[in-house]
Amino acid sequence: MTGNEAQPTQTNDRWADITRRLREGMVRGVLSFPLTSFDDEGALDLEGYRAYLERQLASGPGAVFPACGTGEFHALNEDEYRAVVEATVEIAAGRLPVVAGIGYGWAQALRFARIAEEAGADALLVLPHYLVAAPEAGLVEQLRRIAAGTSLPLIAYQRGQVTFGADGVRALARIPGVIGLKDGHSDLDRLQRLTLAAPDGFLFFNGAPTAEIQARAYATVGVPAYSSAVHAFAPEIANAFFAALRAGDLATTDKLLREFYVPLVELRDTVPGYSVSLVKAAARLRGLPVGPVRAPLTEPTATDLAVLDQLLDTGLRLADAAR
């Protein structure tokens, strides 16, 4: 299927339905960004991924985003990408939206978009493009070209070299098929301007690294939904924080932040790439079949693994106490 011009009424209805399902999911739970499983030789471990994902989805996330940053999209070839998205769609079985990651330049992003569409994904998250900086007009054109080549709705991701202003968000919202924006910059002044500039119904997501740290602040500017890397290895902790946040239980959220999330972020910030490497290591500590990271990411040191293990024990204890 090429282009979103064909059967516009049917396509628009599908976009509206997916937007509705995402909005409902955002209220129900955190957004899950699963890890991609590799074996000890670094090959894709699809059986391990399926077993891992079954456990993740059993914990009740609001939506699942396979093959994105946490899922090492950058390290997957097209055949592996197809296998991961197909497995996710099969396991999700329509219970929640499946939003697959795509990226690089618009032409390569469209290759991944078509694979995701054939695999049955519901929507696409457009990851920041490769290497070059670009003005806002070019960033908008990138999304326009991708949207013209797929019938799936798109969520833009601003992070790194991708930054939109109010005019840019208004332009994005006018592109047929662009339904939302995930923010990873944590510039709340700018983000407030974006939420005010966007039309009603345009989706916003908190995509900051370890989003729980800033979840309360994002909610104050109208962005309560967030992705959770912690959910990838400890859904119990992520769900305990989410429930306490929604209930206004500041004692619980602050205790989790102080004793688990902040120390985790401090450890994460010591080594580039630990935002994924630590998550995968924590999953392995819990016996989950995710395997190692692929280069250029590196595994945590033995010292850091020991600290991570202690943090994981603390987080699980706090989550259990919060029930």
Side-chain angles (χ1 to χ4, degrees), residues 1-6 8 11-12 14-16 18-19 22-23 26 31 63 65 67-69 73-74 97 99-117 121-208 218 221-223 225-227:
M1 189 179 297
T2 59
N4 52 31
E5 310 85 0
T11 301
N12 290 344
R14 187 163 70 251
W15 293 338
I18 293 167
T19 302
L22 282 168
R23 184 175 292 107
M26 289 155 52
L31 306 178
F65 290 66
C68 292
F73 168 79
H74 68 276
V99 185
I102 62 172
Y104 306 111
W106 64 265
Q108 183 62 44
L110 273 176
R111 291 176 64 92
F112 283 104
R114 288 163 185 153
I115 292 170
E117 188 165 353
D122 296 302
L124 303 168
L125 177 66
V126 184
L127 302 169
H129 62 271
Y130 170 69
L131 189 61
V132 297
E136 185 173 72
L139 301 177
V140 172
E141 180 62 21
Q142 168 106 324
L143 269 292
R144 183 176 289 111
R145 286 176 178 261
I146 296 171
T150 178
S151 69
L152 295 182
L154 307 177
I155 298 167
Y157 189 4
Q158 65 167 11
R159 186 172 176 175
Q161 70 271 41
V162 176
T163 303
F164 294 99
D167 289 342
V169 165
R170 280 189 283 262
L172 288 180
R174 289 194 293 268
I175 299 172
V178 177
I179 63 172
L181 177 73
K182 182 182 179 186
D183 174 71
H185 285 305
S186 304
D187 182 340
L188 297 182
D189 178 277
R190 176 184 289 269
L191 187 58
Q192 179 71 89
R193 297 166 192 261
L194 301 189
T195 61
L196 294 172
D200 290 343
F202 195 76
L203 302 176
F204 285 92
F205 307 88
N206 169 2
Y218 267 80
V221 296
V223 185
Y226 61 89
S227 58

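Looking at Q161, its side chain never comes within 3.5 Å of a backbone N or O of A133 through a donor-acceptor pair. Between the side chain of E136 and the backbone N or O of G165 there is at least one donor-acceptor pair closer than 3.5 Å. Not a single donor-acceptor pair under 3.5 Å links the side chain of H129 to the backbone N or O of L139.
Counting all heavy atoms, side chain and backbone alike, P176 lies closest to A147 at O-CB, 3.7 Å. In plain terms, the two heavy atoms of A171 and V140 that are nearest each other are CB-CG1, 3.9 Å. What you find for L125 and F65 is that their closest heavy atoms are CD2-CD2, 4.2 Å. In plain terms, the two heavy atoms of M26 and A225 that are nearest each other are CE-CB, 3.4 Å. The minimum heavy-atom distance between A116 and L152, with the atom names listed, is C-CD1, 4.3 Å. Shortest non-hydrogen contact noted between A100 and C68 is C-SG, 4.3 Å.
One finds the CG atom of L188 at 11.0 Å from the CG atom of L194 (value rounded to the nearest 0.5 Å). Rounded to the nearest 0.5 Å, atoms CG (D183) and OG1 (T163) are 8.5 Å apart. Put simply, CZ on R114 and CD on E117 are 9.0 Å apart, with the number rounded to the nearest 0.5 Å. The distance from the CG atom of L143 to the CG atom of L172 is 5.0 Å, given to the nearest 0.5 Å. Rounding to the nearest 0.5 Å gives a distance of 7.0 Å between CD of Q158 and CG of L191. Interatomic distance, W15 CH2 to D122 CG, rounded to the nearest 0.5 Å: 14.5 Å.
For K182 and Y157, the positive end sits near the middle of the six-membered ring, less than 6.0 Å away and at most 45° from its axis.
Summarising the local packing, CZ of R193 is surrounded by 12 or fewer heavy atoms from other residues, nucleotides or ligands at distances under 6.0 Å.
Put simply, the side chain of L22 reaches to within 4.5 Å of the side chain of I179, judged on heavy atoms. Looking only at side-chain heavy atoms (C-beta outward), V99 and I18 stay at 4.5 Å or farther from each other.
Side chains of R14 and S151: a donor on one and an acceptor on the other come within 3.5 Å.
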Report the C-alpha separation of R144 and E141 in whole Å, then their side-chain angles, then the decisive distance to 0.1 Å, and conclude whether the salt bridge (Lys or Arg N to Asp or Glu O under 4.0 Å) test is met. CA-CA 5 Å; R144 183 176 289 111; E141 180 62 21; 2.9 Å; yes
Go through Y104 and F73 one step at a time and tell me if the ring-ring contact (aromatic ring centres under 6.0 Å, His included) criterion holds. CA-CA 10 Å; Y104 306 111; F73 168 79; 5.3 Å; yes
